[in-house]
Amino acid sequence: MVEGLPGNGEVAARLELMGDLLEIEGAVRHRVLAYRRGAARIRATPESVAALAVAGRAVELPDIGATLQDKVAELATTGTIGALDRLCSRVPPGLAEVARLPGLGPRRARALFEQAGVTGLDGLRRALAEGRLAGVEGIGPKTVAALEAELAARDAAPADALAPLGRALPAAERVAAALAAATGARVEVAGSLRRGADRVKDVDLAAASDDPEAVHRALAGLGLVDEVLTEGPEKTAVRTHDGLRVELRTAPPDRFGNLLQHLTGSRAHNVRLRELARRQGRSVSEHGIVDAEGRTATSPDEAGVYRELGLEWIPPELREDRGEIEQARDGRLPRLVEVGDLRGDLHTHSTWSDGTATIAEMAAAAAARGYDYLGVSDHSRSLAMAGGLDPDRLRRQWEEIARVQEGVSGVRLLRASEVDILADGRLDFDDEVLAALDWVTASVHSAFRQPPERITARLLAAIEHPHVDAIGHPTGRMLGRREGYAFDVDRVLEAAARTGTCLEVNGQPARLDLDAALARRALEAGVRLIVSSDAHSTDALGFVRNGVLVARRAGARAEDVANTRQWPGLRD
DNA sequence: GCCGTTTTCGGCCCGACTGTTTTCAGTCG
């Protein structure tokens with residue numbers, strides 16, 4: 001973050017508001033789109049766009065032209081945007097929130113303003129309570145009922161309704177498997193979940209079948225389904241008993257690739273793809289690619305869809321309009337790391353601290369996964385509530401590791417530790433103990449509320465420590481529960497790159513830490529990653545799958561992830 | 001408002017479903 005300048009999030013929010021209000025006012029559609037695109041670009045940019053705009057260099061970003069740059073620079077230097085202030089005097093800014101309610105939109109928000117005097121959510125509540133919505137154009141009794149239900153639901157549970165990847169992915173696969181079993185159709189998870197997003201709003205499924213209606217009927221009839229939300233011949237949306245919204249689309253097998261590509265998105269990726277096709281005089285949709293003569297090209301698989309457009313197949317995790325289409329055109333896509341590339345897991349727990357499986361059980365599970373090595377990394381003593389080990393118990397644990405090793409072939413058991421980074425920056429073990437360990441992961445588990453300089457100093461001290469090999473869950477965030485602690489990311493990345501200290505991508509469903517954006521920055525800074533399960537049970541070793549998805553979204557190749565190496569090379 | 005191996009002007013991504021209308025616009029993904 002650059003001192004005194006508005007952050008990218010704030011800049012993007014202002015431009016989004018401008019887009020929303022212009023849309024309600026009835027501005028030309030593509031002008032609205034330009035504001036939204038510019039805002040999305042700013043949000044996804046790792047540097048300070050305000051600083052770039054002041055220097056006249058924001059126009060070098062795609063989707064940012066002279067006009068948007070001027071507005072960002074004005075915001076950076078004066079703290080306001082004159083055009084936005086004038087717009088707010090014509091269109092009450094609270095209407096933007098009203099327009100985002102399900103079932104409403106810019107046109108109905110405007111009608112509510114002009115015909116019922118609604119200027120925001122509170123005004124809408126009053127108008128509803130007083131029955132003043134009858135007669136407003138485009139708003140009938142069903143919309144009124146839906147609005148009342150929505151506002152009541154918000155009062156009851158204001159928490160965000162996003163499901164974390166680690167919960168949504170297994171749930172989605174359960175639905176897909178049940179549907180496949182019931183119909184014999186091929187069913188695939190698509191949408192943001194397939195792209196590895198760490199939180200998702202809903203689950204998209206794509207099914208290949210010559211009898212689509214039977215598949216739609218089958219979904220509505222599954223025991224997992226609580227409520228059918230929409231029903232049509234081509235699209236069904238349901239809510240499962242565990243609260244997940246699931247949307248199904250179907251296609252005959254010969255154009256399943258077109259459907260899967262369409263449903264996987266992202267929206268921005270698909271827009272770019274369609275623009276590319278349009279320049280070639282063709283049109284892309286889930287039904288196929290139509291050329292100027294009206295001929296339709298379809299494909300049973302996604303690779304055929306991309307090939308038709310002159311592109312390499314693009315891994316779903318990269319489909320975010322970050323330059324992947326150009327890379328695919330030029331054959332420059334990275335070969336992303338895969339779960340099968342991992343040679344071992346260096347962050348796992350056993351019954352010696354807060355794990356539920358013995359070292360022997362964890363070793364057997366690691367062997368079953370085909371690992372070459374397993375780091376047994378129980379907590380250190382300061383984490384008393386997790387049964388952290390003091391040096392004496394640690395030494396006795398080493399004896400057990402040696403005993404178990406005798407009965408296990410194929411997997412090398414490593415003396416590892418997840419050692420606490422104490423509040424003052426010291427580590428929870430002496431250097432002598434640390435030196436005897438094969439692998440040391442240092443983690444922050446306490447004093448999260450320290451000021452950013454203190455947290456930064458703790459992380460830097462651990463990174464600079466000669467016996468520390470990796471930093472565990474580097475930001476401390478818990479998905480949907482708490483933000484990570486604040487620290488100076490650039491300094492931490494610089495130090496990690498310089499000292500060769502790995503940063504972890506922790507695959508625990510509640511963590512996913514680093515996240516994809518930070519992992520990408522780490523790679524750009526020259527930092528090597530490590531993908532870990534942080535398993536506290538044998539089944540949880542599978543959490544590396546979540547971590548690999550995050551690493552792939554960051555663009556990581558196998559060589560960017562340390563634990564794709566054999567142990568001797570990694571140790572050295 | 002942005003952008004250009006068709007363009008510095010004239011384009012700009014595509015289709016399904018719902019609720020509101022009385023044949024379709026708006027919303028959603």
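Proteins get letters first, then strands, A, B, ... in listed order; numbering begins at 1 in each. All of these numbers come straight from a predicted model, not from anything done at the bench.
dT20(B) and dC14(B) have their P atoms separated by 29 Å, given to the nearest Å. Taking the C1' atom of each, dC17(B) and dT8(B) are spaced 41 Å apart, rounded to whole Å. If you take atom C1' in dC3(B) and the same atom in dT7(B), they sit 9 Å apart, rounded to whole Å. The separation of dC13(B) from dG4(B), taken at their P atoms, amounts to 13 Å, rounded to a whole angstrom. Distance check on atom C1': dT21(B) versus dA25(B) gives 9 Å, rounded to whole Å. With both ends at atom C1', the span from dT5(B) to dG1(B) equals 24 Å, rounded to whole Å. As rounded to the nearest Å, dA16(B) and dC12(B) have C1' atoms that lie 22 Å from one another. Comparing the P positions of dT6(B) and dC2(B) gives an interatomic distance of 23 Å, to the nearest angstrom.
As a whole-Å value, the separation of Leu229(A) CG from dG19(B) P is 11 Å. Rounded to an integer number of Å, the gap from CZ of Arg319(A) to C1' of dG29(B) is 17 Å. Rounded to whole Å, atom P of dC28(B) lies 11 Å from atom CD of Glu23(A). If you take CG of Asp321(A) and P of dC3(B), they are 12 Å apart, rounded to a whole angstrom. Rounded to a whole Å, the CG atom of Leu84(A) is 16 Å from the C1' atom of dG1(B). Taking atom CZ of Arg274(A) as the reference point, atom P of dG29(B) lies 15 Å away to the nearest angstrom. Asp202(A) has its CG atom 13 Å from the P atom of dC28(B), to the nearest Å. Rounded to whole angstrom, the span from the CZ atom of Arg37(A) across to the P atom of dC3(B) amounts to 9 Å.
Look at Arg278(A) and you won't find any side-chain N or O under 4.0 angstrom from OP1 or OP2 of dG11(B). Between His30(A) and dG10(B) there is no side-chain polar atom (N or O) within less than 4.0 angstrom of OP1 or OP2. Considering only side-chain N and O atoms, Arg107(A) lies under 4.0 angstrom from the phosphate OP1 or OP2 of dG26(B). Of the side-chain N and O atoms in Arg31(A), one or more sit less than 4.0 angstrom from OP1 or OP2 of dG1(B). At least one side-chain nitrogen or oxygen of Ser283(A) sits closer than 4.0 Å to the OP1 or OP2 atom of dC14(B).
In terms of polar N and O atoms assigned as donor or acceptor, the side chain of Arg267(A) comes within less than 3.5 Å of the base of dG29(B) in a complementary pairing.
Contact check on Glu326(A) versus Arg332(A) returns no salt bridge, with no Lys/Arg side-chain nitrogen under 4.0 Å from an Asp/Glu carboxylate oxygen. Using a 4.0 Å cut-off between charged nitrogen and carboxylate oxygen, Arg194(A) and Asp204(A) do not count as a salt-bridge pair.
Considering every non-hydrogen atom in both Val505(A) and Ala519(A), the closest pair reads CG2-CB, 4.4 Å.
Using a 4.0 Å heavy-atom distance criterion, Gly281(A) is classed as making no nucleic acid contact. Looking at heavy-atom distances under 4.0 Å, Val284(A) makes contact with sugar-phosphate atoms alone, never a base. Counting any heavy atom pair closer than 4.0 Å across all strands shown, Ile64(A) reaches sugar-phosphate atoms only and no base atom. At the heavy-atom level, Leu33(A) lies nowhere under 4.0 Å from the strands shown. As judged by a 4.0 angstrom heavy-atom cut-off over every strand, Leu276(A) is placed among residues making no nucleic acid contact. Leu104(A) comes within 4.0 angstrom of the backbone, heavy atoms only, and of no base. As judged by a 4.0 angstrom heavy-atom cut-off over every strand, Arg272(A) is placed among residues making no nucleic acid contact.
In the set dA16(B), dT27(B), dC13(B), dA16(B) carries the atom at the smallest distance from any side-chain atom of Lys235(A). Distances from the side chain of Glu286(A) to the nucleotides dC14(B), dG15(B), dC3(B) place dG15(B) closest. Between dC2(B), dC13(B), dC17(B), one nucleotide has an atom nearer to the side chain of Ala34(A) than all others, and that is dC2(B). Residue Ser285(A) places its side chain closer to dC14(B) than to any other of dG1(B), dC14(B), dA16(B). Of the candidate nucleotides dT6(B), dC12(B), dA16(B), dA16(B) has the atom lying nearest to any side-chain atom of Glu234(A).
Listed in residue order, the members of residues 118-143 of chain A having a heavy atom less than 4.0 Å from DNA chain B are Gly138(A), Ile139(A), Gly140(A), Pro141(A), Lys142(A), Thr143(A).
For Glu23(A) and Tyr35(A), the side-chain atoms include no donor-acceptor pair closer than 3.5 Å.
In summary, of the residues considered (Arg553(A), Arg267(A), His269(A)), a side chain to side chain donor-acceptor pair (under 3.5 Å) with Glu320(A) occurs for Arg553(A) alone. Residue Leu276(A) is tested with Arg274(A), Arg278(A), Arg279(A) for a side chain to side chain contact (heavy atoms under 4.5 Å, CB included); the sole match is Arg279(A).
Each of Glu247(A) and Asn270(A) was matched to the nucleotide of DNA chain B holding its nearest heavy atom; the match closer to the 5' end belongs to Asn270(A). Residues Thr230(A) and Ala109(A) both approach DNA chain B. Their nearest nucleotides, taken by heavy-atom distance, put Thr230(A) toward the 5′ side.
Of the possible donor and acceptor atoms, one in the side chain of Asn8(A) sits under 3.5 Å from a partner among the backbone N and O of Thr45(A).
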(request) Report the C-alpha separation of Glu247(A) and Arg249(A) in whole Å, then their side-chain angles, then the decisive distance to 0.1 Å, and conclude whether the salt bridge (charged side-chain N to carboxylate O under 4.0 Å, His left out) test is met. (result) CA-CA 7 Å; Glu247(A) 202 168 302; Arg249(A) 300 276 311 261; over 6 Å; no
(message) Before you tell me yes or no, could you show the steps for Thr264(A) and Leu260(A) under side chain to side chain contact (heavy atoms under 4.5 Å, CB included), namely the whole-Å CA-CA distance, both residues' side-chain angles and the distance that decides it to 0.1 Å?
(response) CA-CA 6 Å; Thr264(A) 298; Leu260(A) 184 60; 4.0 Å; yes
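Base pairing annotation: dT8(B) forms no Watson-Crick or G-U wobble pair, as no partner gives both donor-acceptor distances under 3.5 Å.
Taking the ring-ring contact (aromatic ring centres under 6.0 Å, His included) definition, one finds that His216(A) meets it with nothing, sequence neighbours left out.
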